[in-house]
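One structure is given below, encoded as structure tokens.
Keep in mind it's a predicted model, so treat the numbers as computed, not measured.
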Amino acid sequence: ESMGFDKDGNGKGGKDKKKEGGGGEDGDGMDIDSDEEDAAKKEDETKKDSDKEDSDEDEDNKESRKTPIRGPIPSKPGHWGSCIRLVDPSNGCATLDCIETNPNEAALCCASVRFHSRGGEALLAVGSVTDLTLHPLRHTTSHISLYRVVNGERLQLLHRTQVDDGPVLALTHFQGRLMVGIGQTLRLYEMGKRQLLRKSELRGLPTMIKTLQGAGDRAYVGDMMQSMHFVKYDSATSKLILVASDRVPRPITCQELLDMNTVAVGDKFGNISILRLPRGADAGAVDISGNRALWDSSRDDATPRLETLCNYHVGEIVTGMTRASLVAGGSESLIYVTVTGRIGALVPFTSRETVDFYTQLESCLRSDAPRPTGREPQAYRSYYAPIKHVIDGGLCEMYGKLRYEDQKKIADQMEREVAEITKKLEDTRNALL
């Protein structure tokens with residue numbers, strides 16, 4: 001017990017006895033014990049501080065992990081953030097220039113335009129909407145901004161034009177001018193020194209304009225609910241005249257012009273349709289914006305109707321389509337993409353023999369091909385409207401996955417050989433890819 005330890009070794013007995021004795025020769029032992037306690041307390045405080053700092057860092061790391069890659073979710077409706085980015089596709093789409101839009105301003109569309117008054121220089125037109133809310137659909141202001149690409153490296157703002165009558169959802173180049181879809185109004189602009197100058201407009205379209213293309217003296221307008229409208233521009237009177245419209249309501253999501261009288265469209269229900277202008281419809285065009293608008297628009301035959309050439313249910317929302325060839329020297333096909341990232345193609349047949357072959361093969365596979373979901377293929381492809389003049393390529397591809405006995409059975413029905421049918425399918429695939 002001389003060093004202040006008790007017999008049991010717990011370090012308390014000697015200490016208590018010395019306290020009761022009021023000091024003595026063992027005072028040095030008491031000082032040593034108190035120093036050790038102070039050191040232990042300091043170590044405990046240091047550990048607590050370090051643990052607190054570690055917990056703060058852990059919370060910061062957790063918060064950083066919670067932050068989504070695409071940025072935080074807007075705090076409330078009407079809050080937007082957009083940018084205009086100039087990229088170089090030859091260098092892995094490297095960013096050359098990036099311009100942030102104003103707060104709560106959403107850039108919804110853009111187009112390359114060449115104004116004749118500007119000498120044919122390629123400019124970038126951007127349509128934006130401020131404080132846009134989707135449900136209900138309202139906004140504060142809409143603008144059309146014109147940018148110039150300087151030395152192919154950066155964007156230079158030329159001017160901004162505020163527009164009324166609705167949000168700007170579609171832009172396109174049209175005869176050396178800029179055609180804009182503003183709400184339910186189709187408008188044609190010329191470039192001015194400080195802003196765009198209004199030259200002509202067509203009001204009274206059924207719903208908001210979603211897609212827009214131009215070719216020659218015609219504009220092809222797709223709206224959100226009432227499908228397609230063909231519009232003709234009369235340069236002599238500087239008027240936009242409605243030529244024809246579709247009789248079937250379709251919520252258009254994308255379109256692609258096939259020729260002057262034919263356009264392919266995709267709607268939000270997953271359908272692809274091909275519409276054509278009837279022959280001689282230009283002669284019966286009615287100017288619904290003139291003095292005879294009330295009288296002429298009241299007639300049932302005032303506006304000719306578009307003919308539906310083809311109809312096909314894809315099953316997913318078609319977000320874009322274009323006419324292109326995927327192989328050098330190959331024929332053009334209609335390439336489309338869907339909201340889930342699927343890429344598909346509609347290949348035109350050039351001979352009656354090919355049409356008869358695939359029609360017969362499709363009819364045989366409708367009854368012999370396996371059905372994992374139990375649904376009839378033709379009924380599925382006709383989900384919203386009857387399938388018309390389109391062969392189900394996915395069903396024809398099932399021929400190669402059948403057993404040889406089933407393949408032989410279908411070949412006998414078609415009076416052909418199995419190898420001949422397989423080669424025909426491979427030739428069609430190779431012509432596309």
Under 4.0 Å between a side-chain nitrogen and a carboxylate oxygen: does that hold for [X] and [Y]?
{"X": "Arg403", "Y": "Asp406", "result": "yes"}
{"X": "Glu105", "Y": "Arg160", "result": "yes"}
{"X": "Arg177", "Y": "Glu190", "result": "yes"}
{"X": "Glu121", "Y": "Arg114", "result": "no"}
{"X": "Asp392", "Y": "Arg381", "result": "yes"}
{"X": "Glu426", "Y": "Lys424", "result": "no"}

Side chains of [X] and [Y]: closer than 4.5 Å at any heavy-atom pair?
{"X": "Leu134", "Y": "Leu137", "result": "yes"}
{"X": "His79", "Y": "Asp131", "result": "no"}
{"X": "Val314", "Y": "Thr338", "result": "yes"}
{"X": "His229", "Y": "Tyr220", "result": "no"}
{"X": "Ile387", "Y": "Asn311", "result": "no"}
{"X": "Cys396", "Y": "Tyr358", "result": "yes"}
{"X": "Met398", "Y": "Lys401", "result": "yes"}
{"X": "Met179", "Y": "His173", "result": "no"}

Apply side-chain hydrogen bond (donor to acceptor under 3.5 Å, both in side chains) to Arg250 and Ser273, showing your working. CA-CA 10 Å; Arg250 308 176 199 270; Ser273 305; 3.0 Å; yes
Quick one: does any side-chain atom of [X] pair with a main-chain N or O of [Y] as donor and acceptor, under 3.5 Å?
{"X": "Glu417", "Y": "Glu420", "value": "no"}
{"X": "Thr262", "Y": "Asp259", "value": "no"}
{"X": "Ser238", "Y": "Ser235", "value": "no"}
{"X": "Arg198", "Y": "Arg187", "value": "no"}
{"X": "Arg85", "Y": "Asp97", "value": "no"}
{"X": "His389", "Y": "Leu309", "value": "yes"}
{"X": "Asp223", "Y": "Ser227", "value": "yes"}
{"X": "Lys388", "Y": "Thr308", "value": "yes"}
{"X": "Thr101", "Y": "Ser82", "value": "yes"}
{"X": "Tyr399", "Y": "Gln407", "value": "yes"}

Any side-chain donor-acceptor pair under 3.5 Å between [X] and [Y]?
{"X": "Thr340", "Y": "Glu316", "result": "yes"}
{"X": "Tyr336", "Y": "Thr322", "result": "no"}
{"X": "Gln378", "Y": "Arg366", "result": "yes"}
{"X": "Asn104", "Y": "Thr130", "result": "no"}
{"X": "Thr207", "Y": "Gln184", "result": "no"}

Apply the test side-chain hydrogen bond (donor to acceptor under 3.5 Å, both in side chains) to residues Gln255 and Thr211: give CA-CA distance (whole Å), side-chain angles for both, the deciding distance (0.1 Å), then the verdict. CA-CA 7 Å; Gln255 70 178 52; Thr211 58; 2.7 Å; yes
Search all heavy atoms of [X] against all heavy atoms of [Y] and return the closest pair with its distance.
{"X": "Val163", "Y": "Tyr189", "answer": "CG1-OH, 3.4 Å"}
{"X": "Phe174", "Y": "Gly214", "answer": "CD1-CA, 4.1 Å"}
{"X": "Asn261", "Y": "Phe230", "answer": "O-CE2, 3.9 Å"}

Greater than 12 external heavy atoms within 6.0 Å of [X]'s [atom1]:
{"X": "Tyr383", "atom1": "OH", "value": "no"}
{"X": "Met260", "atom1": "CE", "value": "yes"}
{"X": "Glu415", "atom1": "CD", "value": "no"}

Which of parallel (below 30°), tilted (30 to 60°) and perpendicular (above 60°) describes His313 and Tyr384?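 His313 and Tyr384: tilted rings.
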Using the rule given for side-chain hydrogen bond (donor to acceptor under 3.5 Å, both in side chains), can you reason through Thr359 versus Asp356, listing the C-alpha separation, both sets of side-chain angles and the distance that settles it, and then say yes or no? CA-CA 5 Å; Thr359 301; Asp356 294 338; 5.4 Å; no
